[in-house]
Amino acid sequence: MSTTQSERLRELLEPLVTSQGLDLEEIAVDSVGRKRVLRVVVDSDTGADLDAIADVSRALSAKLDETNAMGDAAYDLEVGTPGAERLLTEHRHFVRAVDRLVKFQLAEGGELVARILTVDDEGIDVEVPGVKGRKATARRLAFPEIGRARVQVEFNRKDSKKDMKEEEEA
């Protein structure tokens, strides 16, 4: 049986989040000054827009009020999506990060920055960017080889397919 408040909240709220077409990624109850804050992180394969966030937030709020799961003390409910530099911990996270640049901490030491090309049940295929004019190289990483993985923010990335088409038209 679940013992922590976060586990009990997950059991209560996950079916509701799933019914909204989203995945419940994280639940955290934190104290901020005299208030408590319930942070709920949701996502989906197609992302979660503001309307979806608002809908699930209303549904969660109603369920929490109905069950009194947070008790009588005041709290704030914050519902959002994972950040841009999200940590990849589940298979579905890697699938959602296809075509994104990721920094890998390898299980046996060292790190690798590469773009995820494909994901299957055993691991991922990545493209390691070339350095100093060299071509990019392909590499296969099995999931056990990955200690940690975090999406990297790219400010100046060109969308290769879109850019190629624009260059051809010019």
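For the single chain, residues carry numbers from 1 onward in sequence order.
- In the hydrophobic clustering, where aliphatic and aromatic side chains (Ile, Leu, Val, Met, Phe, Trp, Tyr) are joined below 4.5 Å either directly or transitively, Val113 groups with Leu101.
- With respect to Arg86 and Asp43, a salt bridge is recorded, a charged nitrogen being found less than 4.0 Å from a carboxylate O.
- Considering CZ of Arg100 and NE2 of His93, their distance stands at 13.0 Å, rounded to 0.5 Å.
- Remark: the backbone N or O of Asp120 is paired with a side-chain donor or acceptor of His91 at under 3.5 angstrom.
- A chain of hydrophobic side-chain contacts below 4.5 Å, direct or via other Ile, Leu, Val, Met, Phe, Trp or Tyr residues, connects Leu106 to Val151.
- By the criterion of side-chain heavy atoms lying less than 4.5 angstrom apart, applied directly or through intervening Ile, Leu, Val, Met, Phe, Trp or Tyr residues, Tyr75 is grouped together with Val29 in one hydrophobic cluster.
- Here the side chain of Ser19 pairs a donor or acceptor atom with the backbone of Leu16 at under 3.5 angstrom.
- Counting heavy atoms from C-beta on, the side chains of Asp76 and Val32 never come closer than 4.5 Å.
- Taking CG of Leu60 as the start and CD1 of Ile27 as the end, the distance is 8.0 Å to the nearest 0.5 Å.
- Put simply, CD1 on Ile53 and CD on Gln20 are 10.5 Å apart, with the number rounded to the nearest 0.5 Å.
- With rounding to the nearest 0.5 angstrom, the OG1 atom of Thr118 is 11.5 Å from the CG atom of Asp99.
- To the nearest 0.5 angstrom, Glu14 atom CD is 9.5 Å from Glu25 atom CD.
- Every residue two or more places apart in sequence or in another chain that forms a ring-ring contact (aromatic ring centres under 6.0 Å, His included) with Phe94 is listed here: Phe143.
- Contact detail for Arg150 and Gln152: the closest heavy-atom pair is O-NE2, 3.2 Å.
- Val56 and Val41 sit in two unconnected hydrophobic clusters of ILVMFWY residues. Membership requires side-chain heavy atoms under 4.5 Å apart, directly or through other members.
- Heavy-atom contacts from other residues, nucleotides or ligands closer than 6.0 Å to CZ of Arg148 number 12 or fewer.
- Hydrophobic clustering, with ILVMFWY side chains joined whenever heavy atoms are under 4.5 angstrom apart, keeps Val42 apart from Val37.
- One hydrophobic cluster holds both Ile146 and Val98 under the rule that ILVMFWY side chains link at heavy-atom gaps under 4.5 Å.
- To the nearest 0.5 Å, atom CG of residue Leu77 and atom CZ of residue Arg39 are 11.0 Å apart.
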